[in-house]
There are 2 protein chains.
Amino acid sequence: MQIIRTVLKSSDGDWRAARRANARAAVLDAAWGLVRENGLAALSLRELAKRAGITTPTVYAYFESKNAILDAMFADAAQSFVELMSSMPSSDDPLADMVAAARRFSDFCVSDVPRYQLLFQHSVPGFTPSPESYGIALSALALARDLLARNGVHDPRHLDIWTAITTGLVGQQISNDPGGDRWTGLIEDVTRMFLAQYGDATQHKGES
Amino acid sequence: MQIIRTVLKSSDGDWRAARRANARAAVLDAAWGLVRENGLAALSLRELAKRAGITTPTVYAYFESKNAILDAMFADAAQSFVELMSSMPSSDDPLADMVAAARRFSDFCVSDVPRYQLLFQHSVPGFTPSPESYGIALSALALARDLLARNGVHDPRHLDIWTAITTGLVGQQISNDPGGDRWTGLIEDVTRMFLAQYGDATQHKGES
DNA sequence: GTCTATAGCTGGATAGAC
DNA sequence: GTCTATCCAGCTATAGAC
């Protein structure tokens with residue numbers, strides 16, 4: 001959970017802003033707990049308020065609408081994802097680096113399915129993230145691009161293939177073996193396959 | 001749209017059953033039209049009845065609940081999928097056969113996203129297909145297994161990799177480039193990659 | 001900022017006349 | 001089988017007192 005900080009001029013205003021940010025964060029925490037337990041579709045302001053220990057109208061003191069809550073959650077998820085992926089160590093072994101990155105990605109997704117659905121599947125009817133929130137998500141894709149570039153994959157089409165493979169494994173894992181590792185256990189194999197075809201340590205064969 | 005047939009003894013009963021099946025099919029058609037236009041979550045019995053030219057209680061003359069409608073839709077989708085994939089021609093070119101199969105699969109998915117979500121993503125809160133309906137879907141997976149076996153891929157783990165790759169392309173296509181071909185256009189490339197690693201026409205390299 | 005109270009809407013499902 | 005009428009529950013959001 002990231003706490004959104006607002007810079008103000010007076011120390012008095014700073015103090016009030018901090019309290020307000022804390023209250024907002026508490027509501028967001030309750031929202032995450034709710035969707036983790038009952039799914040994204042179960043996010044209702046009544047139940048959210050009950051969990052946060054306030055009443056429904058008070059929620060509107062911190063968020064102007066339900067979509068504003070979803071947008072804050074989206075930004076929160078994107079921020080967590082960027083921080084996780086930007087701290088990837090870089091070695092001289094492309095295979096090990098990419099396997100490690102793919103494992104982090106799949107752990108991030110399967111450990112919090114509603115967060116994954118909100119961030120990557122755009123699966124909430126009527127909700128579209130604001131440009132600001134979506135911008136955070138876009139910077140995460142840039143991280144993946146850099147990772148592949150460090151490991152000898154430069155073609156944007158190959159980046160698309162890499163995202164399809166990793167999200168494909170995660171999607172199958174979540175849809176068809178929740179809680180297991182039938183697909184996430186294949187990460188090393190598919191990374192090997194990918195780098196054998198598109199990594200610069202091998203000949204490119206059979207490309208049209 | 002498949003019409004569910006019920007075998008009865010008397011020709012009079014047969015006639016009545018046919019009329020009933022027609023009426024059921026008409027409601028199902030209206031349901032498909034509704035979800036295709038407004039998404040799976042927008043399936044409501046009020047709007048469904050309006051489209052079918054009947055009233056809400058009449059819907060209950062044909063389906064005992066909303067979930068029963070979803071189950072019939074699931075079975076319908078699975079049946080369509082099995083029929084589409086079971087008519088795949090088989091040549092002596094594994095690459096061409098698998099590319100053709102993957103194209104059929106992705107066309108099936110992107111041409112009707114709600115059907116894809118219902119059949120493959122289990123994304124309707126509170127709905128689980130009945131064992132009978134799910135059995136139809138399972139027979140579709142058997143078709144994919146046979147296709148890969150004909151093309152020299154026998155390891156069940158490799159079948160899982162294949163389903164992850166194909167659903168990954170479809171998922172990215174739907175989520176991030178709806179209506180386009182940014183990911184579906186990569187089908188031939190990824191099939192080549194997959195067969196280079198796991199097809200029997202090449203050496204298996206780098207497997208643990 | 002926080003509450004009580006409620007408006008206004010949509011949903012699934014049912015009762016009972018015909 | 002099909003209708004009118006209705007029940008009951010859930011939802012987002014707002015009004016207005018404090």
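Every chain is numbered from 1 and lettered A, B, ... according to where its sequence line falls, protein lines coming before strand lines. Predicted model only: the values in this text are computed from it and were never measured.
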>> If I take atom CG in residue L48(A) and atom P in nucleotide dC11(D), what distance separates them, rounded to the nearest angstrom?
In response: 11 Å
> How many Å lie between OH on Y60(B) and P on dG12(C), as a whole number?
Replying inline: 7 Å
>> Under 4.0 Å from OP1 or OP2 of dG1(C): is there any side-chain N or O of Y62(A) that close?
In response: no
> Quick one: is dT10(C) close enough that its OP1 or OP2 comes under 4.0 Å of any side-chain N or O from S44(B)?
Replying inline: no
> Over how many whole Å does the gap from K66(A) atom NZ to dC9(C) atom P extend?
Replying inline: 19 Å
> What integer distance in Å separates F63(A):CZ from dT12(D):P?
Replying inline: 14 Å
> Has the side chain of Q117(A) got a donor or acceptor atom that lies under 3.5 Å from a matching backbone atom of S123(A)?
Replying inline: no
> Distance check: side-chain N/O of T58(A) vs OP1/OP2 of dC3(C), anything under 4.0 Å?
Replying inline: yes
>> By nearest heavy atom, map L45(A) and T56(B) onto DNA chain D; which one lands nearer the 5' end?
In response: T56(B)
> Checking side chain to side chain contact (heavy atoms under 4.5 Å, CB included) against L48(B), which of I54(B), T56(B), V35(B), L34(B) comes through?
Replying inline: L34(B)
> dA13(C) C1' sits how many Å from I54(B) CD1, rounded?
Replying inline: 15 Å
> Do the rings of F120(A) and F105(A) sit parallel, tilted or perpendicular, given the 30° and 60° boundaries?
Replying inline: perpendicular
>> Once hydrogens and angles are ignored, does a donor-acceptor distance under 3.5 Å link the base of dG10(D) to the side chain of R46(A)?
In response: no
> Could you state the CD-P distance from E64(B) to dG1(D), rounded to the nearest angstrom?
Replying inline: 16 Å
>> For F81(A) and F108(A), take the angle between the two ring planes, folded into 0 to 90°, and tell me which bin it lands in: parallel under 30, tilted 30 to 60, perpendicular over 60.
In response: tilted
> Could you state the interatomic distance from OH (Y60(B)) to NZ (K66(B)), rounded to the nearest 0.5 Å?
Replying inline: 9.5 Å
> Given atom CZ of R20(B) and atom P of dG1(D), what is their separation to the nearest angstrom?
Replying inline: 6 Å
> Whole Å only: how far is the NZ atom of K50(B) from the C1' atom of dT4(D)?
Replying inline: 16 Å
>> So T55(B), base contact, sugar-phosphate only, or nothing? Heavy-atom distance under 4.0 Å.
In response: base
>> Students often get this wrong, so: under 4.0 angstrom with heavy atoms, is L43(A) touching a base, only sugar-phosphate, or nothing?
In response: sugar-phosphate
>> Quick check for you: among dT4(D), dT2(D), dC3(C), whose closest atom lies nearest to any side-chain atom of P57(B)?
In response: dT4(D)
